[in-house]
Amino acid sequence: MMALAVAAACPLAIARTLHPDSTGLGTHRQLGLPPCSSLALFGIRCPACGMTTSWAHLVRGEFSAGLKANAGGFALGTVCLVTILVTFWHAAIAKLPGRKWALGLAWGLGISLAFAMLDWGWRFFSGNG
């Protein structure tokens, strides 16, 4: 169970070491990753554009900027934070989380994906990115 907490904490810890890019995307370049192929080839942001930036804002408590960078990334980062808290809570009370927790985690991941796609669709069709 603690492996789940570590898996959720690692990307948040990495995001804390990054400085959010002022453009709202591109923070991932600090990790040595290439630019977004969709943006470079077609001039269109992909659904993941701004996700690393949203996490970098989230771990700094800059919630508005995180949502603006990528709503799906912000939701996914929030799911990771909740996962860490719930995992440590269950470790403290020495009880394994039940089926409801697994279902809640699945819903959280699904909602994060839906937010990412809605955010991307909004940007694509409104011409805002």
Side-chain angles (χ1 to χ4, degrees):
M1 196 64 201
M2 292 310 288
L4 181 60
V6 171
C10 282
L12 291 168
I14 292 169
R16 185 67 182 113
T17 68
L18 304 174
H19 302 286
D21 193 283
S22 61
T23 64
L25 56 118
T27 303
H28 70 283
R29 300 291 312 264
Q30 296 170 40
L31 298 169
L33 298 171
C36 173
S37 298
S38 176
L39 195 58
L41 294 173
F42 308 112
I44 300 169
R45 290 175 59 155
C46 75
C49 277
M51 218 172 255
T52 307
T53 305
S54 72
W55 283 52
H57 283 299
L58 173 67
V59 297
R60 287 170 174 75
E62 300 164 352
F63 304 132
S64 178
L67 281 167
K68 185 177 178 185
N70 187 304
F74 186 85
L76 184 58
T78 303
V79 168
C80 284
L81 287 171
V82 170
T83 298
I84 294 164
L85 294 173
V86 169
T87 302
F88 278 109
W89 169 255
H90 280 91
I93 64 171
K95 181 180 176 189
L96 288 174
R99 182 181 166 138
K100 287 182 181 179
W101 163 244
L103 185 60
L105 180 58
W107 270 98
L109 294 173
I111 290 169
S112 297
L113 176 61
F115 278 177
M117 296 309 294
L118 288 170
D119 184 59
W120 175 77
W122 173 259
R123 291 176 195 276
F124 183 78
F125 291 110
S126 69
N128 289 330

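The first residue of the sequence shown is numbered 1, and numbering continues consecutively from there. The analysis underlying the following values was restricted to heavy atoms, covering all of them including side chains, and did not include hydrogens, waters or symmetry mates. Because the structure is predicted, anything quoted here is derived from the model rather than measured.
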(message) If you compare all heavy atoms of Met51 against all heavy atoms of Gly72, which two are closest, and at what distance to 0.1 Å?
(response) CE-C, 4.3 Å
(request) For Ala5 and Thr87, work out which heavy atoms get closest and say how close. (result) CB-CG2, 3.6 Å
(request) Scan for ring pair (Phe, Tyr, Trp, His ring centres under 6.0 Å) pairs involving residues 102-121, sequence neighbours excluded, and state none if there are none. (result) Trp120-Phe124
(message) I need the full list of ring pair (Phe, Tyr, Trp, His ring centres under 6.0 Å) pairs touching residues 83-103, with sequence neighbours left out, sorted by first then second residue.
(response) none
(request) Give the C-alpha distance, both sets of side-chain angles, the deciding distance and a yes or no for side-chain contact (heavy atoms from CB on, under 4.5 Å) between Asp119 and Asn70. (result) CA-CA 7 Å; Asp119 184 59; Asn70 187 304; 4.0 Å; yes
(request) State which residues pass side chain to side chain contact (heavy atoms under 4.5 Å, CB included) with Val79; sequence neighbours excluded, sorted by chain then number. (result) Thr83, Leu105, Leu109, Ser112
(request) Could I get the full list of side chain to side chain contact (heavy atoms under 4.5 Å, CB included) partners for Thr23, not counting sequence neighbours? (result) Asp21, Leu25
(message) Between Leu113 and Met117, is there a side-chain heavy-atom distance shorter than 4.5 Å?
(response) yes
(request) Look at the side-chain heavy atoms of Ile, Leu, Val, Met, Phe, Trp and Tyr, link any pair under 4.5 Å apart, and say whether Phe74 and Leu18 land in one connected group. (result) no
(request) Report the residues that fulfil side-chain hydrogen bond (donor to acceptor under 3.5 Å, both in side chains) with Thr17, sequence neighbours left out, ordered by chain and then residue number. (result) none
May I have the list of side-chain donor-acceptor pairs in residues 28-44 shorter than 3.5 Å, sequence neighbours left out?
| unit_1 | atom_1 | unit_2 | atom_2 | d |
| --- | --- | --- | --- | --- |
| His28 | NE2 | Pro34 | O | 2.9 |
| Arg29 | NE | Leu33 | O | 3.0 |
| Gln30 | OE1 | His19 | N | 3.0 |
| Gln30 | NE2 | His19 | O | 2.6 |
| Ser38 | OG | Ile44 | O | 2.6 |

(request) Compare every heavy atom of Trp55 with every heavy atom of Gly73, then report the nearest pair and how far apart it is. (result) O-NE1, 2.9 Å
(message) Tell me whether Arg60 contacts the main-chain N or O of Arg16 through its side chain, where contact means a donor paired with an acceptor under 3.5 Å.
(response) yes
(message) Restricting to non-hydrogen atoms, name the atom on Arg123 and the atom on Ala69 that form the minimum distance, rounded to 0.1 Å.
(response) NH2-O, 3.2 Å
(request) For residues Leu58 and Leu12, report the shortest heavy-atom separation together with the two atoms involved. (result) CD2-CD2, 4.4 Å
(request) Kindly work out whether a path of hydrophobic side-chain contacts (I/L/V/M/F/W/Y, heavy atoms less than 4.5 Å apart) joins Ile14 to Leu76. (result) no
